[in-house]
Amino acid sequence: MSETVTRSQAATRHHLTGAAQLVDSLAPLLRDWLPRQRWFAGKGRPVTGFAPVAVTGLRAAAAEPGLLHLLVDARQPGRDTDCYQLLLGVRRTVPPHLSDALLGRPRNGPLAGLAVYEALHDPLLAGHLLDLLRTPGTQGALSFERPPGPAVPDGLAPRVLDVEQTNSSLVYGDTYILKLFRRVAPGTHPELELSRALAGVDCPRVPTPVAWAGAWPPGAAEPYVLGLLQPFVAGATDGWTLALRALADGAPFTREAAALGRATAEVHRALARALPTAALARPRTKALAAAMAERLDATARAVPELRPYAPALAAAYTALRALDDTRRTVQRVHGDLHLGQCLYGADRTWHVIDFEGEPARPLAERRRPHPAVRDVAGMLRSFDYAAYTHRAPAWAAACREAYCDGYAEAAGHDPRAEETLLRAYETDKAVYEVLYEARHRPDWLPVPMSAVRRLAGARP
Ligand SMILES: Nc1ncnc2c1ncn2[C@@H]1O[C@H](COP(=O)(O)OP(=O)(O)O)[C@@H](O)[C@H]1O
Ligand SMILES: O=P(O)(O)O[C@H]1O[C@H](CO)[C@@H](O[C@H]2O[C@H](CO)[C@@H](O)[C@H](O)[C@H]2O)[C@H](O)[C@H]1O
């Protein structure tokens with residue numbers, strides 16, 4: 001037994017030494033390329049070092065192209081280390097259609113002189129990834145899993161989804177979509193957890209995963225979820241695009257908003273069937289209010305524009321702290337519901353996607369139960385966002401009412417009746433958005449700031 005342990009420890013050490021050399025040789029390329037990616041979470045600070053978490057050759061370099069899977073820690077001053085998932089192609093020469101995907105050629109190490117590029121843009125390697133997902137198995141620290149069900153066909157043409165996203169997605173033949181998480185951490189991932197749980201209670205609003213990938217690197221206390229494959233909603237347009245189109249045409253959006261309210265309520269009912277719920281008693285409201293107040297303080301420290309409004313915003317959390325109503329419940333929720341997460345399909349119904357929660361928060365925090373009204377607040381904020389672009393507050397107000405009407409019809413209770421909760425969650429969401437925009441899209445900061453002024457009772 002002890003010999004086995006010693007041998008496996010030696011093998012792990014050997015593997016990590018090789019992995020460290022490889023990552024060291026890639027570091028100059030990554031230092032330049034990583035911060036330019038949309039999904040890079042540590043914008044504005046330099047990357048000072050990389051360390052391997054797991055390195056897996058998914059296809060030998062000699063196979064031309066080779067496919068390398070990396071989980072790599074990126075160190076940045078003043079920020080906890082983030083682990084990123086990278087898929088790198090390796091070729092002697094890069095064909096013209098992949099030239100934009102090139103990271104560069106390492107000067108030394110095992111890949112010295114070879115071209116290293118973002119593998120997702122290479123149809124051959126994207127096809128290889130689908131093959132791995134189609135057949136359950138393991139490779140190094142990585143595992144590929146499938147629930148029982150019909151086989152996923154092979155040979156589906158891949159394309160990288162060209163949208164602003166937190167992660168990266170590949171569409172296969174307009175039949176499936178593979179979402180690869182970029183910033184990863186060990187632990188249960190809410191998106192896989194919730195979409196699988198919903199599959200068990202028959203909720204056609206949410207696509208059911210047909211395969212997923214994970215990793216259990218040596219030394220990790222828990223496995224990492226790396227990505228999931230799910231059916232592609234055919235002919236879909238997202239709610240954000242539809243809302244902006246309606247605004248540009250001077251058209252109302254209340255019918256769509258009401259249908260979205262009904263869809264949200266259906267998803268909430270299904271989540272409450274699938275996973276435990278609990279009473280919203282005093283200790284919980286106090287804890288929720290305390291967490292919101294803490295987020296407000298942290299955001300006010302990071303974003304000076306928010307500071308003058310912080311005391312008035314905090315009043316919403318004081319009211320929440322005093323709430324004690326055991327008739328109300330907490331349950332698992334979407335956690336980052338907005339118009340962009342709702343797809344209106346060719347089947348003329350709304351589908352809800354992206355159950356990963358607010359990507360900046362730790363996994364455990366994203367999995368906490370909340371009153372369902374939290375998602376309602378997220379969507380109400382989204383109507384405000386859309387209307388801001390067209391200076392159309394009346395349009396937003398009409399959508400917000402229609403959405404709540406639709407929700408009330410399908411849920412059997414009106415979210416507007418939960419005034420204290422709704423106000424606290426809308427405030428918390430606006431505060432989250434202030435930080436999100438300040439970090440990712442500073443030009444958009446005025447959008448949540450206008451809500452902050454309204455919620456703080458100041459003149460707009
Ligand atoms: N099941 C699906 N069917 C069709 N399109 C999808 C599906 N899932 C995601 N998409 C598209 O991919 C985009 C990004 O997906 P999302 O899960 O929101 O990723 P991220 O969390 O990285 O923002 C969506 O805005 C949508 O356009
Ligand atoms: O990338 P995700 O979709 O997981 O969510 C993050 O990015 C969103 C922006 O892309 C951000 O949403 C905010 O902007 C939207 C308009 O672009 C608006 O509809 C939302 O209401 C607003 O919150 C989201 O907060 C963030 O987590």
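These numbers come from a predicted model, not from an experiment. Order of listing sets the numbers, starting from 1, for every ligand and every atom in it.
Salt bridge present: E426 and R454 bring a charged side-chain N and a carboxylate O closer than 4.0 Å. Here R366 does not pair with E358 in a salt bridge; the nearest charged N to carboxylate O distance is not below 4.0 Å. Salt bridge absent: R75 and D82 never bring a charged side-chain N and a carboxylate O closer than 4.0 Å. R416 and D414 are joined by a salt bridge, as a carboxylate oxygen and a charged side-chain nitrogen come within less than 4.0 angstrom of each other. D354 and K179 are joined by a salt bridge, as a carboxylate oxygen and a charged side-chain nitrogen come within less than 4.0 angstrom of each other. Using a 4.0 Å cut-off between charged side-chain N and carboxylate O, D297 and R301 make no salt bridge.
Using a non-hydrogen distance threshold of 4.0 Å, E433 registers as a contact of ligand 2. The shortest heavy-atom distance from R441 to ligand 2 is under 4.0 Å. For the ligand labelled ligand 2, residue G340 lies outside the 4.0 Å heavy-atom shell. Contact between P231 and ligand 1 is present, with at least one heavy atom of the residue lying under 4.0 Å from the ligand.
Of all protein heavy atoms, the one closest to atom 10 (N) of ligand 1 is I177 CD1, 3.5 Å. Of the protein's non-hydrogen atoms, K179 NZ, 2.9 Å is the one closest to atom 17 (O) of ligand 1. Distance from atom 4 (O) of ligand 2 to its nearest protein heavy atom, with residue and atom name: D354 OD2, 3.2 Å. Here the protein heavy atom with the shortest distance to atom 23 (O) of ligand 1 is T166 N, 3.5 Å. Looking from atom 22 (O) of ligand 1 to the surrounding protein, the closest heavy atom is N167 N, 2.8 Å. At the top of the distance list for atom 27 (O) of ligand 2, counting protein heavy atoms only, stands Y432 OH, 2.6 Å. Looking at atom 3 (O) of ligand 2, its nearest protein heavy atom turns out to be H338 NE2, 3.1 Å. Scanning the protein for heavy atoms near atom 18 (O) of ligand 1, the closest one is D354 OD2, 3.0 Å. From the protein, the heavy atom lying nearest to atom 7 (O) of ligand 2 is Y436 OH, 2.9 Å. Looking only at protein heavy atoms, the nearest one to atom 25 (O) of ligand 1 is G340 O, 3.9 Å. The protein heavy atom nearest to atom 3 (N) of ligand 1 is V233 N, 2.7 Å.
Annotation for ligand 1: atoms under 4.0 Å from non-hydrogen atoms of L161 are 11 (C), 12 (O), 13 (C). Every atom of ligand 1 with a heavy atom of Q230 under 4.0 Å away is listed here by number and element: 1 (N), 2 (C), 8 (N). Within ligand 1, counting atoms from 1 as listed, the ones closer than 4.0 Å to a heavy atom of Q341 are 18 (O). Heavy-atom proximity to P207, at under 4.0 Å, picks out these atoms of ligand 1: 1 (N). Using a 4.0 Å cut-off to heavy atoms of E356, the atoms of ligand 1 that qualify are 21 (O). Here is the list of ligand 1 atoms found below 4.0 Å of a heavy atom in L343: 2 (C), 3 (N), 4 (C), 5 (N), 6 (C), 7 (C).
Nearest-heavy-atom check against atom 15 (O) of ligand 1 across R38, Q165, E191 picks out Q165. Between A430, G335, G239, S382, it is S382 that holds the heavy atom closest to atom 19 (O) of ligand 2. Nearest-residue assignment for atom 26 (C) of ligand 1 (options I353, D238, L229; heavy-atom criterion): I353. Ranked by closest heavy atom to atom 4 (C) of ligand 1, the top entry among Y176, F232, F355 is F232.
Using the six-membered ring where Trp is involved, F181 and H189 have ring planes that are parallel, under 30° apart on the 30 and 60° scheme. Between W350 and F253, the ring planes lie perpendicular to each other; the angle is over 60°, past the 30° to 60° tilted range.
Checked against L88 for a side chain to side chain contact (heavy atoms under 4.5 Å, CB included), the options L29, L125, L70 give a single hit: L70. Exactly one residue among D154, V152, L170 makes a side chain to side chain contact (heavy atoms under 4.5 Å, CB included) with L130. That residue is V152.
On a distance-only criterion, D336 and ligand 2 share at least one N/O pair closer than 3.5 Å. The distance criterion of under 3.5 Å between nitrogen or oxygen atoms is met by T166 with respect to ligand 2. Residue Q165 has no N or O atom closer than 3.5 Å to an N or O atom of ligand 2.
Looking at Y403 and T264, their side chains do bring a donor and an acceptor atom within 3.5 Å of each other. Side-chain contact annotation: H370 with Y425, donor-acceptor N/O pair under 3.5 Å present. Defined by atom type and a distance below 3.5 Å, a donor-acceptor pair is present between the side-chain atoms of N167 and E356.
Contact annotation: for Q341 versus ligand 2, heavy atoms closer than 4.0 Å belong to the side chain alone. Only side-chain heavy atoms of P359 come within less than 4.0 Å of ligand 2; its backbone N, CA, C and O stay farther off.
By the 6.0 Å and 45° rule, R391 stacks over the aromatic ring of Y388.
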**Study point:** Verdict with reasoning, E418 to H413, per side-chain contact (heavy atoms from CB on, under 4.5 Å)
**Key:** CA-CA 9 Å; E418 303 181 32; H413 57 91; 3.6 Å; yes
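Side-chain contact check for H69 versus L226: some heavy-atom pair is nearer than 4.5 Å.
Proximity of a side-chain donor or acceptor of R59 to a complementary backbone N or O of P65 within less than 3.5 Å is detected.
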